[in-house]
2 protein chains.
Amino acid sequence: MEKDDLAGMMRALGHPVRLEILAILAKSANNCCCNDVTDCLSLAQSTVSQHLKVLLDAGVIEREAKGTRNNYRVRTDRLTAFNSAFSGYVHDLDAQTSSCDRTLEAAG
Amino acid sequence: MEKDDLAGMMRALGHPVRLEILAILAKSANNCCCNDVTDCLSLAQSTVSQHLKVLLDAGVIEREAKGTRNNYRVRTDRLTAFNSAFSGYVHDLDAQTSSCDRTLEAAG
DNA sequence: ATCTTTTATCGTTATATAACGATGAAAGAG
DNA sequence: CTCTTTCATCGTTATATAACGATAAAAGAT
């Protein structure tokens, strides 16, 4: 996963309401439309729709048309991939930091 | 880790330049000041300082005054904690989603 | 054919963010 | 004491984001 993708995903997830929306979707049997989500939040439908779009564009959720409704569901695969990517990123930072520490120790 | 903290951390990390800054700090033996970082980026010093402040406020890095310089270093512990927290969050989402799927299957 | 439900999109407003240059303060060097 | 280096902060500007209400389109129901 590219650094820009990582940052983009972070930004999409970097809003409490959007994290809340993910929790709502997961709790709602993947059978959840925009109105359902809106009922769980004290926000206008258009605002919720906007947040859903951000999550959708980032690939965190997916949409399926079903009659007049749009069913949203969490893309767990993508979240897991993101988590792994970030985990690797942190690990790399840690490895570099530690080796620097060892260098300093050896030098000092 | 609270949901708001999680989102706050995400937002702090949700910018490519800030991820780059973390990489620079890690590579630079934790002996890196604002100017050093600025030299690695095509951005003004004030801009870099601003990004450093965002990372500092989110607790992703720490600062240590050293003469006229300020040494910055990555707080790997915090990144690791964040990573665990998010991992748990994703895991919870996944568990709920899967149990919902089973419910739907059982319902036929 | 009409009405209702659902929802994405548009237009607007307020606030936040990202970028810059300029500046002043703090610490060390000459 | 004066000069330099380092850097956070201020003021500014442009853009992005978050929130809202209004609206139109699509699909189903009557």
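Just so it is clear, the model here is predicted, and its values are computed rather than measured. The figures here come from the full heavy-atom set of this structure, side chains too, leaving out hydrogens, waters and symmetry mates. Proteins come first, then strands; the chains are lettered A, B, ... in the order of their sequence lines, and each starts at number 1.
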Nearest nucleotide by nearest heavy atom, which residue falls closer to the 5' end of DNA chain D, Tyr72(B) or Gly67(A)? Tyr72(B)
Between Thr68(B) and Thr47(A), which has a closest nucleotide on DNA chain D that is more 5'? Thr68(B)
Given atom CG of Leu13(B) and atom P of dA18(C), what is their separation to the nearest angstrom? 12 Å
Can you tell me the distance, in whole Å, between the NZ atom of Lys53(A) and the P atom of dA16(D)? 15 Å
Please work out if Leu43(A) contacts a base, only the sugar-phosphate, or nothing of the nucleic acid, heavy-atom cut-off 4.0 Å. sugar-phosphate
Does dT17(D) have OP1 or OP2 sitting under 4.0 Å from an N or O in the side chain of Arg11(B)? no
Looking at every heavy atom in both Leu93(B) and Ala26(A), which two are closest together, and how far apart are they? CD2-CB, 3.6 Å
Can you find a side chain N or O atom of His51(A) that sits less than 4.0 Å from OP1 or OP2 on dC20(D)? no
Spacing of Leu56(A) atom CG relative to dA8(C) atom P, expressed in whole Å: 9 Å
In short, Leu56(A) meets Ile61(A) closest at the heavy-atom pair CD1-O, 3.4 Å
Can you find a side chain N or O atom of Asn70(A) that sits less than 4.0 Å from OP1 or OP2 on dT6(C)? no
Gln45(A) side-chain proximity, nearest of dC7(D), dT6(C), dA8(C): dA8(C)
Value in whole Å for how far the P atom of dC20(D) lies from CG of Leu41(A): 10 Å
Of all heavy-atom pairs linking Phe86(A) and Asn83(B), the shortest is CD2-OD1, 3.1 Å
With a cut-off of less than 4.0 Å, is there a side-chain N or O of Ser49(A) near OP1 or OP2 of dA8(C)? yes
Residue-phosphate contact under 4.0 Å: Arg63(B) side-chain N/O, dA8(D) OP1/OP2: yes
Measure CD/Glu20(B) against P/dA19(C) and give the value in whole Å, please. 13 Å
Below 3.5 Å, does any donor atom in the side chain of Gln50(B) face an acceptor in the base of dA8(D), or the other way round? no
Nearest heavy-atom neighbours spanning Leu25(B) and Cys32(B): CD2-CB, 3.7 Å
Choosing from dT6(D), dT17(D), dC20(C), which nucleotide comes nearest the side chain of Ser46(B)? dC20(C)
For the pair made of CD in Glu64(A) and C1' in dA8(C), what is the distance, rounded to whole Å? 18 Å
Starting at CG of Asn71(B) and ending at P of dC7(D), how long is that distance when rounded to a whole Å? 8 Å
Counting N and O atoms only, with roles assigned by atom type, does the side chain of Ser84(A) sit under 3.5 Å from a partner on the main chain of Thr80(A), one being a donor and the other an acceptor? yes
Separation of Asn31(A) atom CG from dT6(C) atom P, in whole Å? 13 Å
